[in-house]
Structures are given as C-alpha cells and as structure tokens.
Number of protein chains: 2
Amino acid sequence: MHLQSVEVSQSPEEKFREYLASRPRAQRFTEQQRDMVNYIFSKHNHFDADSLIEDMKREGFQVSRATIYRTLNKLVDAGLLRRLDVGPRMYYEHDYGYPQHEHLVCQRCHKMIEFQSPAIEDVVRDVCRDHLFHFEGHSFVIRGVCNECNRARMTKSRLDLV
Amino acid sequence: MHLQSVEVSQSPEEKFREYLASRPRAQRFTEQQRDMVNYIFSKHNHFDADSLIEDMKREGFQVSRATIYRTLNKLVDAGLLRRLDVGPRMYYEHDYGYPQHEHLVCQRCHKMIEFQSPAIEDVVRDVCRDHLFHFEGHSFVIRGVCNECNRARMTKSRLDLV
DNA sequence: ATTCTTGCAAAGCCTTTGCAACTGC
DNA sequence: GCAGTTGCAAAGGCTTTGCAAGAAT
C-alpha cells in the first residue's frame with residue numbers, strides 16, 4: 001500500500017531538535033512539539049491541521065489549534081513534512097524518510113493514492129534546464145474517481161434501473 | 001512566448017451562450033458576463049479574481065466582486081477557463097482554444113511559464129489505467145526561481161561583495 | 001533572568017451567499 | 001411577468017497573529 005521508506009540515520013524527533021538548535025536564534029523544543037512529531041511519525045497518513053487536532057485530542061494529548069499550525073510550519077521548514085496544496089485546505093505528509101512521489105486524489109472519498117514516476121523526475125530536470133529555472137519543488141496531482149467509488153457508483157446506478 | 005492555439009469553431013462568447021442555454025434551466029447571458037468573456041479572451045494571461053476586477057475597472061467596465069466570482073465559476077464549468085489551484089488564491093487561464101500544458105511558477109516574481117510534455121500525458125494515462133482510476137484532470141506545477149530573478153539575485157550578491 | 005512558546009480570541013484573506021432590487025427572455 | 005442575475009454586506013472556512021501568561025534554557 002505504501003511506498004518503500006528511505007533509510008534515515010536520525011529519528012524525526014532528533015532531526016527536529018537539530019533543526020531548532022540550528023536556527024539563527026535557537027528555538028525551543030517543547031513537550032507539545034515532541035508529542036506532535038512522535039504522533040505524526042507513528043502513522044503514515046495524509047492529514048490536515050483539523051484532523052490532526054481531532055485525532056491527538058481523542059488520544060488524550062494536549063494540543064491547541066494555534067500551536068498545531070505553528071508547529072506544522074516549523075516541521076515543513078525542517079524538512080520533516082511536505083505540504084500538499086490541494087483544494088481549499090493544506091494537507092501534510094511525511095517528507096523525512098519517505099521517497100518523492102505523486103498523488104492521485106479521489107474527488108468523492110478524498111483518498112490519496114501515491115505513485116512514483118521516474119519519467120516525471122526526468123521531465124522536471126529537463127524542463128528546468130531548458131528554462132534556466134532554479135528548481136525548488138514540484139507537485140503533481142491527478143484528480144478523478146478511485147476504483148472503489150467508481151464501483152459504488154456503478155452498483156448504485158444498476159440498482160436505480162430496477 | 002505562448003503555446004500554439006488550438007483551432008476552435010466558435011468564439012468564446014458563442015460557446016458560453018451555448019453552455020448557458022444548455023443548462024437544465026436555461027441561464028441568462030448578461031452584459032457584465034459578455035464583457036468578462038470578451039475581456040478575458042482578448043488577453044492571454046494567468047489571472048486571479050482580484051486582478052481581473054482591478055484591470056476591468058481601470059478600463060472602465062462595470063464589475064462587482066460577487067459577479068466576477070460567480071461568472072468565473074460558470075466559465076470554468078463551461079470549459080472556457082481552467083482553474084489553477086496554486087498558492088492561497090485561485091488563478092485562471094484560457095482552456096477553450098488553448099492546449100493542455102503545465103507550469104513553472106517563479107516564487108519571487110510569481111511569473112508562470114508554460115510548457116507542454118507528452119511524457120506527462122503518458123504517465124497520467126498509464127497510472128490511471130494501473131489504478132483503475134477514473135481520470136478527471138491533473139495539475140503539475142514546478143516551483144522555483146526563474147532565470148531573470150536568479151540573475152537579479154546573483155548580480156545583487158556580486159554587488160554585495162564589493 | 002531572558003527569550004521563546006503557548007493559548008485565547010481576534011483579525012486576515014479569499015470566496016461564497018442571503019436578500020432585495022433589477023433585468024434578460 | 002417569471003425566473004435568473006446583480007450588488008451589497010455579511011458570513012464561511014482556513015490560517016495567522018497580538019498579547020499576556022507560562023515554560024525552556
């Protein structure tokens with residue numbers, strides 16, 4: 001179901017501490033931040049700020065909306081999370097320890113399916129070279145309806161005919 | 001600079017009228033809508049709602065924010081415009097009479113550079129087939145810094161060294 | 001002790017919407 | 001004249017932020 005993880009030498013928590021310590025003015029590592037990093041990296045999910053808040057609260061963690069947003073931004077800066085700018089809200093996913101990939105997004109159930117494509121990496125490299133464009137990142141999203149939702153729809157329309 | 005246009009048999013205005021007339025309950029074609037269609041298709045630009053309002057007002061057209069938003073949605077439904085979900089606001093570009101393409105987005109000057117890539121079309125087709133995914137659309141955005149901004153930056157840093 | 005983080009609520013930003021007046025057909 | 005459109009201002013949805021209290025180093 002998931003793509004294969006990449007070898008990493010530090011835990012996400014260690015990597016985040018290192019990032020915080022390396023800032024021009026050292027930033028602090030708090031309990032809530034530690035809980036967030038560990039919670040996020042204990043799962044492999046695409047998530048948004050709201051569902052993270054809801055899930056962590058349900059599991060008994062102390063989290064506030066403002067701190068979630070602030071820490072998510074730091075985690076993106078630190079290279080631990082990737083931001084997926086798809087639709088009206090931001091989604092996040094593991095960056096650290098997880099390979100570059102692209103997404104299929106189902107417009108009915110909002111599931112995200114990951115896939116890897118060397119061909120796309122090639123296109124990115126060639127296009128940036130041709131345009132003397134300094135690459136910083138890319139996002140590739142295919143929108144549509146996943147197999148399950150499609151089957152549900154077909155079953156329903158067959159029933160409608162009866 | 002631009003990609004080559006595609007042959008079309010109707011004017012954008014005609015195509016929009018046809019779309020409006022074909023709705024379950026026929027919708028009306030108003031003066032402000034006509035002005036918008038003609039204004040938008042008289043230029044080739046990526047634009048957002050705000051800049052469209054500003055530009056049209058500057059050229060003496062009567063436009064209101066609510067109507068701009070409402071009409072942009074209709075133009076997307078009608079297949080005249082494509083919506084580019086990049087960054088915090090929506091951008092729009094011609095769909096009718098313009099070929100499918102992808103974008104490089106400069107993070108300094110926000111310029112969008114278009115490019116076409118058959119390889120990407122192939123990847124889309126293959127991936128959707130493999131995942132039994134019903135394709136509805138895709139978006140591919142490469143983020144980075146364009147050549148001009150890069151040169152400006154390099155010139156500046158050279159000056160800084162003096 | 002100092003400086004950063006937190007949490008609340010308020011503000012910001014973009015987009016949508018309720019409603020009364022208006023207008024295309 | 002009916003049904004859809006407009007324009008205003010208000011509301012909505014998501015994210016950021018000012019500030020006073022609290023915590024990390």
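Every value quoted in this text rests on a predicted model; they were computed, and no experiment measured them. Reminder, nothing fancy here: chain letters follow the sequence lines and each chain counts from 1. Side-chain atoms are counted along with the backbone in the values below, which use heavy atoms only and exclude waters and symmetry mates.
Applying the salt bridge (Lys or Arg N to Asp or Glu O under 4.0 Å) test to every pair with at least one member in residues 94-109 of chain B, sequence neighbours left out, gives these pairs: R82(B)-D95(B).
The distance between atom CG of D85(B) and atom P of dT15(C), rounded to the nearest whole Å, is 10 Å. Atom-to-atom, CG of L84(B) to C1' of dT15(C) comes out at 17 Å; the value is rounded to the nearest Å. The CD1 atom of I53(A) sits 11 Å away from the P atom of dG7(C) (whole-angstrom rounding). Here the C1' atom of nucleotide dT15(D) and the OH atom of Y91(A) are 15 Å apart, to the nearest Å. In this structure, L72(A) places its CG atom 12 Å from P of dT6(C), rounding to the nearest Å.
How far CZ of F61(A) is from CZ of R34(A): 9.0 Å, rounded to the nearest 0.5 Å. Distance check, rounded to the nearest 0.5 Å: CZ of F47(A) to CG of L72(A) gives 5.5 Å.
In this structure, the side chain to side chain donor-acceptor pair (under 3.5 Å) partners of D50(B), at least two apart in sequence or on a different chain, are R65(B). Residues satisfying the side chain to side chain donor-acceptor pair (under 3.5 Å) test with H94(A), not counting sequence neighbours, are none.
Side-chain contact check for E121(A) and Q100(A): no donor-acceptor pair (N or O, by modelled atom type) lies under 3.5 Å.
Each end of the helix from dA1(C)-dT25(D) to dC25(C)-dG1(D) gets its own axis from five base pairs, and the two axes differ in direction by 30°, given to 10 degrees.
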Could you go over nucleotides 12-14 of chain C and give all protein N or O partners under 3.5 Å, atom names and distances?
unit_1  : atom_1 : unit_2 : atom_2 : d
dC14(C) : OP1    : R89(B) : NH1    : 2.3
dC14(C) : OP1    : R89(B) : NH2    : 3.3

Scan nucleotides 3-12 of chain D against the protein and return all N/O pairs shorter than 3.5 Å with their distances rounded to 0.1 Å.
unit_1 : atom_1 : unit_2 : atom_2 : d
dA3(D) : N3     : R28(B) : NH1    : 2.5
dA3(D) : N3     : R28(B) : NH2    : 2.9
dG4(D) : O4'    : R28(B) : NH1    : 3.4
dT5(D) : OP1    : R28(B) : N      : 3.2
dT5(D) : OP1    : K74(B) : NZ     : 2.8
dT6(D) : OP1    : T30(B) : OG1    : 2.7
dG7(D) : OP1    : Q62(B) : NE2    : 2.3
dG7(D) : OP2    : Q32(B) : OE1    : 3.3
dG7(D) : OP2    : Q32(B) : NE2    : 2.6
dG7(D) : OP2    : S64(B) : OG     : 3.0
dG7(D) : OP2    : T67(B) : OG1    : 3.1
dG7(D) : N7     : R70(B) : NH2    : 2.6
dG7(D) : O6     : R70(B) : NH2    : 3.1

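For R83(A) and R17(A), each mapped to the nucleotide of DNA chain D holding its nearest heavy atom, the one lying further toward the 5' end belongs to R83(A).
For the pair Y98(A) (side chain) and L3(A) (backbone), a donor-acceptor distance under 3.5 Å is present. Put simply, the side chain of Q62(B) never gets that close to the backbone of E31(B): no donor and acceptor are under 3.5 Å apart. Judged by distance alone, the side chain of D85(A) and the main-chain N or O of G87(B) form a donor-acceptor pair under 3.5 Å.
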Step-by-step side-chain hydrogen bond (donor to acceptor under 3.5 Å, both in side chains) determination, Y91(B) to R83(B): CA-CA 6 Å; Y91(B) 283 82; R83(B) 210 193 293 275; over 6 Å; no
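Q4(B) CD: 12 or fewer foreign heavy atoms inside a 6.0 Å radius.
Counting non-hydrogen atoms under 4.0 angstrom, D48(B) reaches nothing in the nucleic acid.
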